[in-house]
Amino acid sequence: MSGAKNSNPERPAGTEESRFRWFSFGSLVALMNGIGTCWIFVLLMLINSDIISRTAFDSPVPGVTEIVGMSIVACVFLQLAHALRMGRLTRSDIILGKLGKNSRLKFILEAFYNLVGAFMLALLLFYTYPTFIHAWTIGEYEGSAGGFTAPVWPVRLIIVIGCLIATIQCLLNCWAFIGKCKNAHSQAAGEVG
Amino acid sequence: MSDLQVAAIAILGVVFLIIAGMPVAFSLLVLSFSGVWYIKDSFNIASILLAQAAGDSVNGYVYGVIPLFVLMGMLVSVSGTGKDTFDVANRLFRSIRGGLGIATVVANAIFAAVTGVSIASAAVFSKVAVPEMIRLGYKPPFAVGVVTGSSVLGMLIPPSLLLILFGVLTETSIGDLFMGGIGPGILLSAMYCLGILFMAHRFRGFTGDTSKEAQEAGGVQLSIGQALAKLTPILALIALVLGGIYSGWFTPTESGAAGALGALIITLAKRQLTWRKFWQVLIETGNVTVTILFLFIAANLFGRMLALSGLSNFVGTLISESGMDMYSVMVIYLLIILMMGMILDSASIMMIIVPLIFPIMQGFGVDFVWWGILTLLTIEVGLLTPPLGMAVFVVQSLLDDQSISVTDIFIGSMPFVLMMLILIALLVIFPQISLVFVS
């Protein structure tokens, strides 16, 4: 892990990472995002092949419904960290927009929000982990026995990993904002009121 | 504290945190978690419920529809189909005063039938239509207002991301909702066209001098053959997507996949797609999808917390005991949405308020297609009104001419907001408008 240096939430991945690294947290986030992205495209092809095969050869591709259903959750958690890194989560800037670009209060709030996010995601991580273990040990599956079945554990594992990475991303964001807050000069004090 | 008080505090808390700038999903998660913790007096139960919401609430075939329609919209936007449609409409209406404005509305309406997000329409037409209108003497605020106003059609005319969300939230057929959007969409387009015609003749101080436009009869020269060639791809795509759903041949998810593939083929055929662009489109699709679905998970947990608290039931009984009829409740509900539009974006408003009001509407036995379209239209008004008019900010950021201010655009959009409000009133009185195409 390369620490807070390349986790500046307002200048995300790529801009500061001119130095070549074999591994960085940013590249891990980007990799997961890329997998999720490709996955959506695979789903698109899968559904279309089902349509074509069903229409032309009267034989639907088995399991498309189950696979698509389970995949969406996986995609969300594969791409969540990237969305957090880019600061893409929906929010209102009705107050934050009014604070100055260099306002201390703004950085404190941002750091706090990321901390809250990290806490919720960590909770989610700790309480999803048992469901992954459960799905793994009993061999839980979706679909109907005898027909198409897909194991549930890979999706649960992706949620766990996705939560872990997203939690770390939130903490890194938080850390970066604390750093900015330290750097922000006390000129911000006037804007706060 | 009673459970009801907890729920009420949680709602106020969410509003407070959102205004304070916390990401909407985090605000919902943290307050619904705390709410459940208090009501059940168990940290453990609250956490398990959180994990369940994450695992279950977007687990289902129907959620596949969201990334697929987003992808389709993105592909169509980069394909240049929007400009082609605009060229044809421009040629069609060019001898009329205000014709360019009308052409923008018509092109937007057609383009809306292949894209599910207003932002996509706004992005395409602020690049294509605004410079042309200003060149022919339209006042910039009006020119931009036309684009912002008609971008609303992108959400109203199917496919529509917001209608998909509404369908998933209320378990209403997405196909029916899509068909319900057609009537009001056409009516709103017609109202916009007439409004532009009227303003171009009567309020020239607002629109600018449009007489030059009628004389010059400029713009593109198109033969009928060329016009048809430009329109064929988009019409084929509309037929595939909407025809597929309407005939029952496709599920909404399938029509999204077929539409996205169709859009991909069109974009490739028009040689508008580089690998780099394609990858950007896919990444952006992922970002939009995650944002919406993560919010959906959070809103789902919030809904579970409210259900545990019994608040929805309580409000339901309160309303039925007060003897308020459905129309008064509906009007209050729409007013609340208008107010929410001042602080929140469309998807968040829908995900927060619809589950809350759901049991009440069910109790009244209202038609969910009608209710959905009304909700959508009212939410969309918020896209055009200050302080947080998302469409306005998007258009402003995309304009080449940065001298046009946000205030200018808000002023230019006002006539269109007015027409939307008229349509909402009409729709409340005549639900048939939304039900004509629903089988």
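The figures here come from the full heavy-atom set of this structure, side chains too, leaving out hydrogens, waters and symmetry mates. In what follows, every chain begins at residue 1, and chains take the letters A, B, ... in the order their sequences are listed.
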message = Measuring from atom CZ of B:F26 to atom CG of A:L84, what distance do you get when rounded to the nearest 0.5 angstrom?
response = 5.0 Å

Heavy-atom contact with chain B under 4.5 Å, split by part of A:L124 = both

inquiry  = Please evaluate residues A:L109 and B:M22 with respect to the criterion side chain to side chain contact (heavy atoms under 4.5 Å, CB included), reporting the C-alpha separation (whole Å), side-chain torsions for both, the decisive distance (0.1 Å), and the verdict.
reply    = CA-CA 8 Å; A:L109 285 175; B:M22 185 185 276; over 6 Å; no

Pairwise side-chain contact, A:M45 with B:L261, heavy-atom cut-off 4.5 Å (strictly under) = yes

query = What part of B:L264 lies closer than 4.5 angstrom to a heavy atom of chain A: side chain, backbone, both or neither?
reply = side chain

ask   = For B:I292, is it the side chain, the backbone, both or neither that has a heavy atom under 4.5 Å from a heavy atom of chain A?
value = neither

query = What part of A:E142 is in contact with chain B, defined as an atom under 4.5 angstrom from a non-hydrogen atom: side chain, backbone, both or neither?
reply = side chain

key: Side chain, backbone, both or neither of B:L68 within contact of chain A (heavy atoms, under 4.5 Å)   = side chain

message = Ignoring hydrogens, what is the shortest heavy-atom contact between B:P23 and A:Y113? Give both atom names and the distance.
response = CD-CB, 4.0 Å

query = A:F41 and B:F278: aromatic ring centres closer than 6.0 Å?
reply = yes

ask   = Below 4.5 Å, heavy atoms only, C-beta onward: do A:F77 and B:I297 meet side chain to side chain?
value = yes

query = Tell me, side chain or backbone of A:L78 under 4.5 Å from chain B's heavy atoms, or both, or neither?
reply = neither

query = Does B:A257 offer a backbone N or O that forms a donor-acceptor pair with the side chain of A:N48 under 3.5 Å?
reply = yes

message = One pair to check against side chain to side chain contact (heavy atoms under 4.5 Å, CB included): A:Q79 and B:I283. What are the steps and the verdict?
response = CA-CA 9 Å; A:Q79 299 181 313; B:I283 294 270; over 6 Å; no

remark   = Applying a strict 4.5 Å limit to non-hydrogen atoms, the region of A:I159 in contact with chain B is side chain

request  = Could you tell me which portion of B:D56 (side chain, backbone, both or neither) has an atom closer than 4.5 angstrom to a non-hydrogen atom of chain A?
outcome  = neither

query = With only heavy atoms counted, which part of B:F296 is less than 4.5 Å from chain A, the side chain, the backbone, both or neither?
reply = neither

key: Largest heavy-atom contact set with chain A, pairs under 4.5 Å, which of B:T251, B:I66, B:T289, B:N44   = B:N44

A:F126 portion near chain B, given a 4.5 angstrom heavy-atom threshold = neither

request  = Can you tell me which residue pairs pass the ring-ring contact (aromatic ring centres under 6.0 Å, His included) test with a partner in residues 42-61 of chain B, sequence neighbours excluded?
outcome  = B:F33-B:F43, B:W37-B:F43

task = Look at B:N287, B:T285, B:T253, B:V288 and state which one has the largest set of heavy-atom pairs under 4.5 Å with chain A.
result = B:N287

task = Select, from B:I19, B:V62, B:L29, B:L293, the one with the greatest count of heavy-atom pairs under 4.5 Å involving chain A.
result = B:I19

query = What distance separates A:R54 CZ from B:E254 CD, expressed to the nearest 0.5 Å?
reply = 4.0 Å

remark   = Looking only at A:T90, A:I47, A:V76, A:L89, most heavy-atom pairs under 4.5 Å shared with chain B are made by A:T90

message = Tell me whether A:R91 contacts the main-chain N or O of B:G21 through its side chain, where contact means a donor paired with an acceptor under 3.5 Å.
response = yes

task = Identify which part of A:T128 has an atom lying under 4.5 Å from any heavy atom of chain B, answering side chain, backbone, both or neither.
result = both

remark   = Answer key: most heavy-atom pairs under 4.5 Å with chain A among B:G60, B:A260, B:P67, B:S348 is B:G60

query = Which heavy atom in A:V73 sits nearest to a heavy atom in B:V58, and how many Å separate them?
reply = CG2-O, 3.7 Å

ask   = Is there a side-chain contact between B:Y63 and A:S71, using heavy atoms and a 4.5 Å cut-off?
value = no

message = Check this for me: B:W279, atom CH2, are more than 12 non-hydrogen atoms of other residues, nucleotides or ligands nearer than 6.0 Å?
response = yes

Which of A:I72, A:I95, A:V152 touches chain B most, by non-hydrogen pairs under 4.5 Å = A:I72

ask   = Do you know which of B:I48, B:N59, B:I18, B:V24 has the most heavy-atom pairs under 4.5 Å to chain A?
value = B:N59

task = Show your working on side chain to side chain contact (heavy atoms under 4.5 Å, CB included) between B:L50 and A:L123 and close with a plain yes or no.
result = CA-CA 8 Å; B:L50 172 72; A:L123 260 184; 3.8 Å; yes

note = Correct closest heavy-atom pair for A:Y127 and B:A51 would be O-CB, 3.6 Å

remark   = So, the part of B:S47 with a heavy atom under 4.5 Å from chain A: the answer is both

request  = Would you mind checking which part of A:I51 comes under 4.5 Å of any heavy atom in chain B, side chain (CB onward), backbone (N, CA, C, O), both or neither?
outcome  = side chain

inquiry  = With a sphere of 6.0 Å drawn around CZ of A:F148, does it hold more than 12 non-hydrogen atoms of other residues, nucleotides or ligands?
reply    = yes

request  = Please tell me if the side chains of A:L44 and B:L71 come closer than 4.5 Å, counting only heavy atoms from C-beta onward.
outcome  = yes

query = Are any of the side-chain heavy atoms of A:H82 and B:V290 separated by less than 4.5 Å?
reply = no

inquiry  = Looking at chain B, which one of A:L43, A:V64, A:V116 has the largest number of heavy-atom pairs inside 4.5 Å, strictly under?
reply    = A:V116

ask   = Which one, A:V68, A:L46, A:I52, leads in non-hydrogen pairs under 4.5 Å with chain B?
value = A:V68

